[in-house]
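Written out below as structure tokens is the structure these notes cover.
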Amino acid sequence: MRSSYVAVLDIRSSDITAVVGDRGVNSTFIIKSKYTAQYDGYAEGDLLDMDSFKAAVSNVLSRTLASNKGLKAIYIGVPGEFIKLINADETLSFETVKRITPQDLKELRLMATPKSDGVWTEIRHGCLYYVLSDKRKVIDPVGAMGDSLKGRFCFYMCSQAFIACVQAALKPFPQLTDIRLIPLVHAEAMYLIEPEKRDDVAVLFDLGYISSTYSVICGNGVLYTGSFSVGIGHIAFYVSEELEIPFEVASTFISTVNLNARGNYGAEEECMYDGQLYRVTTTDICDKIRDGLDFICSSINECADSFRGANLSLKPINITGEGVKVIRGATDHLASRLEKGIEVVSPKVPYYDKPQFSSTFSLLNMALDDALASR
């Protein structure tokens, strides 16, 4: 295997994907292997079933290692449910005007670094922006002149309980001697949102199956992130409960109706499941789906209200994740209820230019950058 390839484990709330890839031309990727396995997922900051998690990790890693001999390092994506974000401001003063060096940036970052409390551990940090002594905001101050330097930092803290679960799942693979954790929220922010959008602030919403994450991004970091255990799977469950039909039938119905379609009155949807024909009016299904989407809107608004910073009222929401394309017309409904523009973002990669692949390629992109920097 070429040494420039990296391996990534993408842990979503309904499945786990292992990918081995490299850089391609024109910002594309070369995928050497890709395996996905379903599992029970996570909610409220906990894995729902440890055995299911370990089985899924074993499934994808066994096949990955079989087709990629000599693999020793793997990058693990940490979902928002297991991340705590800490923002910190620090100022470094100099005795005289001087040229700022990389060592100054390191010293400033160490001043801002939070202490570990045994429950949360720092796995990555970033600087949203620096402020020079003449009050200019810059992303990279190295080489600039000044008698002080201020930085706005973000530190991504990972739950120790989640780290323990990952270590337990990887125990059967002793050949993986280099385990590195990447906060998914940071990887998606840097990959999916263009730098010019991040110069001010941008909003990113990852709509998952069981868990979703709302983030406010600025510069090279994240100002705010909040995860809640509601996703597209909950809408299927709600439809199932309200219409008294099996979950599998509800899942089929939510993927076949179109919330924007006209002339639904009197129409019916049919599904054959387990030898029985289920027939429900299209109007009833669409009404229940809208109710479910409205609950997601309420959760988004709660996150927006929790953010204490820049005014987000005029900011569009960049939306991604496996839940985006399941229901036709869902983004239009969200835009109407939230009274905001909704822009779907996804990898700019042939065959994978869909929002359900955003997390995998965001992690792969950051892992490749990290591997290059460490050579």
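For the pairing with R337, the side chain to side chain donor-acceptor pair (under 3.5 Å) check across D332, D294, N301 returns one residue only, D294. When the options D206, T360, T36 are evaluated for a side chain to side chain donor-acceptor pair (under 3.5 Å) with R12, the one that passes is D206.
Side-chain contact check for T28 versus Y352: every heavy-atom pair is 4.5 Å or farther apart. Using a 4.5 Å heavy-atom cutoff, the side chains of I182 and V78 are not in contact. The shortest distance between side-chain heavy atoms of E343 and K197 falls below 4.5 Å. By the 4.5 Å heavy-atom criterion applied to side chains, D40 and I210 are not counted as neighbours.
I179 and F53 end up in the same hydrophobic cluster when Ile, Leu, Val, Met, Phe, Trp and Tyr side chains are linked at under 4.5 Å. Hydrophobic clustering (side-chain heavy atoms under 4.5 Å, transitive across Ile, Leu, Val, Met, Phe, Trp, Tyr) groups V344 together with I317. Placement of I86 and I217 in two distinct hydrophobic clusters is found when ILVMFWY residues are connected by side-chain heavy-atom separations under 4.5 Å, directly or transitively. Note on L207: it clusters hydrophobically with V257, by side-chain heavy-atom contacts below 4.5 Å among ILVMFWY residues. Under a hydrophobic clustering in which Ile, Leu, Val, Met, Phe, Trp and Tyr are joined whenever their side-chain heavy atoms come within less than 4.5 Å, directly or via other members, Y238 and V230 fall into different clusters.
The shortest non-hydrogen separation linking S13 to S211 is OG-N, 3.3 Å. L85 and C154 make their closest contact through CD1-CB, 3.8 Å (heavy atoms, listed as atom of the first residue, atom of the second, distance). A pairwise comparison of heavy atoms in L128 and C218 identifies CG-O, 3.5 Å as the closest pair. The shortest heavy-atom contact between P141 and I100 is O-CB, 3.7 Å. E44 approaches E81 most closely through the heavy-atom pair N-OE1, 3.3 Å. Between C271 and V249 the shortest heavy-atom distance is CB-CG1, 4.0 Å.
Taking the centre and axis of the six-membered ring of F357, the NZ or CZ atom of K354 falls outside the cone set by 45° and 6.0 Å.
In this model, a donor atom of one side chain and an acceptor atom of the other lie less than 3.5 Å apart for S33 and N68. Using modelled atom types, one finds a donor on one side chain and an acceptor on the other under 3.5 Å when comparing S313 with N311. Of the N and O atoms on the side chains of E268 and T281, not one donor lies less than 3.5 Å from an acceptor on the other residue. With 3.5 Å as the limit, one finds no donor-acceptor pair spanning the side chains of Y156 and R124.
Here F29 and F361 bring their ring centres to under 6.0 angstrom of each other. Checked against the 6.0 Å centroid criterion, the rings of Y42 and F82 qualify as a close aromatic pair.
At a threshold of 4.0 Å, the pair K34-D10 does not count as salt-bridged, since none of the basic side-chain nitrogens sits closer than that to a carboxylate oxygen. Salt bridge annotation for D89-R152: present, with a cationic side-chain nitrogen under 4.0 angstrom from a carboxylate oxygen. Electrostatic pairing of K137 and D199 does not count as a salt bridge here, judged by no charged N lying under 4.0 Å from a carboxylate O. Ion pairing between D178 and R180 holds under the 4.0 Å rule for side-chain N and carboxylate O.
Using a distance-only test at 3.5 Å, with no hydrogens or angles considered, a donor-acceptor pair links the side chain of K32 to the main chain of S67. Distance alone, capped at 3.5 Å, is enough to place a donor-acceptor pair between the D49 side chain and the S52 backbone. Without hydrogens or angle criteria, H234 side chain to G231 main chain gives a donor-acceptor distance under 3.5 Å. No donor-acceptor pair closer than 3.5 Å links the side chain of S58 to the backbone N or O of K54. For N220 (side chain) and D140 (main-chain N/O), no donor-acceptor pair under 3.5 Å exists by modelled atom type. Looking only at distances, no side-chain donor or acceptor of S62 sits under 3.5 Å from a matching main-chain atom of N59. Formation of a donor-acceptor pair under 3.5 Å by the R198 side chain with backbone atoms of I193 is found in this model. In this structure, S240 contributes its side chain and A236 its backbone to no donor-acceptor pair below 3.5 Å.
Using cut-offs of 30° and 60° for the angle between ring planes, the Y130 and F153 rings count as perpendicular. Taking the six-membered ring where the residue is Trp, Y224 and Y214 present perpendicular rings, their angle passing 60° and hence far from 30°. Between F237 and F247, the ring planes are tilted. Angles from 30° to 60° get that label.
Note that the OG1 atom of T320 and the CG atom of L204 stand 7.0 Å from one another [nearest 0.5 Å]. Put simply, CG on L259 and OG1 on T282 are 11.0 Å apart, with the number rounded to the nearest 0.5 Å. Atom CD1 of I245 and atom CD of E269 lie 10.5 Å apart (nearest 0.5 Å). In this structure, CZ on F205 lies 13.5 Å from NZ on K340, to the nearest 0.5 angstrom. C297 contributes atom SG, which lies 11.5 Å from atom CD of E302 (distance to the nearest 0.5 angstrom). Going from atom CZ of F307 over to atom OG of S215 covers 11.0 Å, rounded to the nearest 0.5 Å.
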Practice task
For salt bridge (Lys or Arg N to Asp or Glu O under 4.0 Å), just list the numbers for K348 and E194, CA-CA rounded to whole Å, side-chain angles, deciding distance to a tenth of an Å, and then say yes or no.
Solution key: CA-CA 12 Å; K348 296 178 176 62; E194 300 293 335; 3.5 Å; yes
Practice task
Take R99 and D104 through the test salt bridge (Lys or Arg N to Asp or Glu O under 4.0 Å) and record every step on the way to the result.
Solution key: CA-CA 10 Å; R99 193 175 301 279; D104 296 325; over 6 Å; no
